[in-house]
Amino acid sequence: MNKVLLIARWEFITTVTRRAYIFAVIAMPLFYGGMIALGGVAGRSASTTAGRIPTAIVDRAHVLNLAAAQEQASRRDRDAAADPLAAFANPAAPTPVVEYGDLDTALAALRARTVATVFVLDADYVTSGGLAVYTRDASVFSQQADRQRQAQIVDAIRVGLLQPLLGRDALARAYAPAARVRRLRLNAAGAAEPITDAAGLGPFAGSLGVILILTMSVFFSAGFLVQATIEDRQSRMIEILFSSVDPQQLVMGKILGLGGAGLLQVAIYVGLVIVPGATLLALFQISLAKLALSLAYCAIAYLLFACLMMWTGMIGRTSQESAQMSALWMLAAASPLFFMANIGAAPNGWVARTLSFVPLTSPVTMMLRVASTDVPAADIVVTLVIGIAAIYGALRGAARIFRAAALMYGKRPTLPEVVRWLRAA
Amino acid sequence: MTEVPIRVDRVSKRFDKTIALDDVSIEIHQGEIFGLLGPNGAGKTTLIRTVLDIIKPDSGRVEIFGRPFRPEDRDRLGYLPEERGLYPREEVGAVLEYLGCLKGLTAATARAETTHWLARFDLADAAKKKVEQLSKGNQQKLQIAATLLARPDVAILDEPLSGLDPMSARTVNAVIRDCAAAGQTMVLSTHQMGMVEALCTRVLMIAHGRAVLYGSLKDIKREHSSHAVRVLSSARYEACPLVARVDRPSFDGQAVDVHLLETATSDEFLAWLVAHQATVERFERLSTPLEDIFVGVAERAVGIA
């Protein structure tokens, strides 16, 4: 068997059979998944319970018509169901609203916790706009729920004020002016085409999910590489291995084997915790061509950062030191995510294109661009070439540093030494 | 196989301001046990790494099996480095098989050789144990087994006896002899002069990167033997113009140690005894222990440097 594959197989098997790996792969996602599920169930239960507690209103101005408001809210929700954006808006279910004749009775109900909030419209509300809100809890965590209740009351006030003035349809437009939105975009040919969930937002969200999963696999695998490199140094195996294989074979074998271990970890995470990949693809209808392109950029990212991680694994004196240094590469790899809003808004703009042509930021930027739009073929070709060239350079550098630094037991090379090795590569 | 397994021709290597190797030339022949000697930091490890193509020389030429190093030569070279270890958390048998496969053995051959070498080093029952469960000495034997597993044409062993008890050391010595007898070239880098005297036919001693002694061990010992002979005869040694001093060791009967002048040889002294019709019952050149030669040469090299 090819020596690279032999090393890859050894690294893969010895990594995936370690207790720490098995614990990380199986037990941790089960634990965190369980905790998240428990938290979700508890949160949902608390939210449902809170949502069931009515909102009290004391209408001293006599402007409210709660039945008409309820009808308008239902009509708006029906109309908005066709809007792809609405699928992501996830509006909270309305809470019941109970009208009280006087403030004292409403406050008594608030004290008794039979209502969550009391809204009081001043008698001169139409001219003054005065509105008082009574609540038991004014913490940061209750503000979101209070705002939702307030929005519901405001909608009801709007219906009450406009109903006498407008016809049925005009009232519906005034209540929800953007309930029936048609969204279109210009395609590559410049023609307008409707954005549906499958053609626009879904794939971006889906691709973003894939990007996150792929990025996770890069970081997991890179972490294994740093750890394995340090272990080889500590167990003093490297010189023995160098007598059997050349440094490039050793580096490639490790990258392949530990990359496989990282990929397996992510695959198991996806399988165990998130959702089976097929469901994800079906749910968001991710374009297979874009998925293939994303995978290509992921492979470039992994190979490039794996080589760089091996540098840091060899240069650090301890595992902590190497981990700290490797964080720099992690930051560089993830830095395009800081520009996600910009890249999403202008995927073929100058920021996105500039980041695409820098080897360290290219893979993640390109994955984001591919997820957002149709990227010009020239950009794809150029970035793939840049990526492959960067991998070649990093691999040669890694092999050189591996060879030189591996023989410096207990000593850390200086920066000039590292530069000299790289120049010699 | 007629090619010279290792030929080093005027090799020099410098690390920053340190000269690790300075114009070193050697030839190591097939089937011999070659000793590589030198004080700590003399350049032995650099020479070995240069031979194995782990580091490149600044100048000079290294030939392996009669030509410049080729990647496939790694399969014919075994190396036990001084800074060594094995995967501590893996099974002994699996580690040996893996290292055997990296040397080009098939999986089946690597398995068979693993069984053979574990038995040879009395570690047959350790195949399923983790490396870290073995004693330090047994780990050392395991590392030697890993080096010899693929039956390399040349095996370079750096301090092979370190950490071994006398019984294990004897086993290792026997293994080295057997390998050489089978035609394998064995290179021993060691400070254990007893081992060198017992096993090696030729040696190279390096000091400060320079070759200060190189050749047949017998010739070197003869060349560096003291000008002294142990004699039991009827002669009066004080009368001999070749004699510098006479010592009478109490433990050796009536024999005396006769120290000759620097300019005299033992042959001339024997001729003098015969010429003076002395009855010679015993005449023995006193050889200098290799350790003394080593220390003397090393001290001189330090003085020169």
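On a predicted model such as this, the values are computed, not experimentally measured, just so you know. Below, read A as the first sequence line, B as the second, and so on, with proteins coming before strands; counting in each chain starts at 1.
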**Student:** Begin from the C-alpha positions of B:Lys103 and A:Ser243 and carry the test side-chain contact (heavy atoms from CB on, under 4.5 Å) through to its verdict.
**Tutor:** CA-CA 9 Å; B:Lys103 283 288 181 194; A:Ser243 70; 3.9 Å; yes

**Student:** Above 12 or not: heavy atoms from other molecules or residues under 6.0 Å from CZ of B:Arg10?
**Tutor:**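 Open.
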
**Student:** So for B:Pro88, is it side chain, backbone, both, or neither that comes closer than 4.5 Å to the heavy atoms of chain A?
**Tutor:**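 The side chain, not the backbone.
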
**Student:** When you compare the side chain of A:Ile13 with that of B:Glu90, does any pair of heavy atoms fall below 4.5 Å?
**Tutor:** no

**Student:** Does any heavy atom of chain A fall under 4.5 Å from the side chain of B:Val95, the backbone, both, or neither of them?
**Tutor:** both

**Student:** Pick one of side chain, backbone, both or neither for B:Leu86, based on which atoms fall under 4.5 Å of a heavy atom in chain A.
**Tutor:**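 For B:Leu86, the contact with chain A is made by backbone and side chain together.
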
**Student:** Rounded to the nearest 0.5 Å, what separation is found between the CD atom of B:Glu91 and the OG1 atom of A:Thr14?
**Tutor:** 12.5 Å

**Student:** Taking all non-hydrogen atoms of both residues, which atom of B:Leu99 and which atom of A:Met237 are closest, and how far apart?
**Tutor:**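 The answer is CD2-CE, 4.0 Å.
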
**Student:** A:Leu241 versus chain B, heavy atoms under 4.5 Å apart: side chain, backbone, both or neither?
**Tutor:**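 For A:Leu241, the side chain is the part near chain B, not the backbone.
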
**Student:** Side-chain contact, heavy-atom cut-off 4.5 Å: B:Thr147 with A:Ile240?
**Tutor:**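 Result no, sub-4.5 Å side-chain heavy-atom pair not found.
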
**Student:** Rounded at 0.5 Å granularity, tell me how far CD in A:Gln249 sits from CZ in B:Arg74.
**Tutor:**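 CZ of B:Arg74 is found 7.0 Å from CD of A:Gln249.
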
**Student:** Would you indicate whether the side-chain heavy atoms of B:Arg49 and A:Glu239 approach each other to under 4.5 Å?
**Tutor:**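 The answer is yes, as the side chains (C-beta and beyond) meet within the 4.5 Å cut-off.
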
**Student:** Would you please test B:Tyr98 and A:Ile7 for side-chain contact (heavy atoms from CB on, under 4.5 Å) and show each step?
**Tutor:** CA-CA 9 Å; B:Tyr98 171 56; A:Ile7 295 165; 3.5 Å; yes

**Student:** At what distance, to the nearest 0.5 angstrom, does CG of A:Asp246 lie from CD1 of B:Ile54?
**Tutor:**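 Taking CG in A:Asp246 and CD1 in B:Ile54, the distance rounds to 11.5 Å.
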
**Student:** Could you tell me if the side chain of B:Tyr87 sits less than 4.5 Å from the side chain of A:Trp10, heavy atoms only?
**Tutor:**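 Yes, close enough: below the 4.5 Å cut-off.
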
**Student:** Are there more than 12 heavy atoms of other residues, nucleotides or ligands under 6.0 Å from atom CZ of A:Arg19?
**Tutor:**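 Counting other residues, nucleotides and ligands, CZ of A:Arg19 stays at 12 neighbours or fewer.
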
**Student:** Using non-hydrogen atoms only, which part of B:Ala94 is less than 4.5 Å away from chain A: side chain, backbone, both, or neither?
**Tutor:**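 B:Ala94 touches chain A through backbone and side-chain heavy atoms alike.
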
**Student:** Give a yes or no on whether A:Tyr392 atom OH has more than 12 heavy-atom contacts from other residues, nucleotides or ligands under 6.0 Å away.
**Tutor:**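 No, because the 6.0 Å sphere around OH of A:Tyr392 holds 12 heavy atoms or fewer from other groups.
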
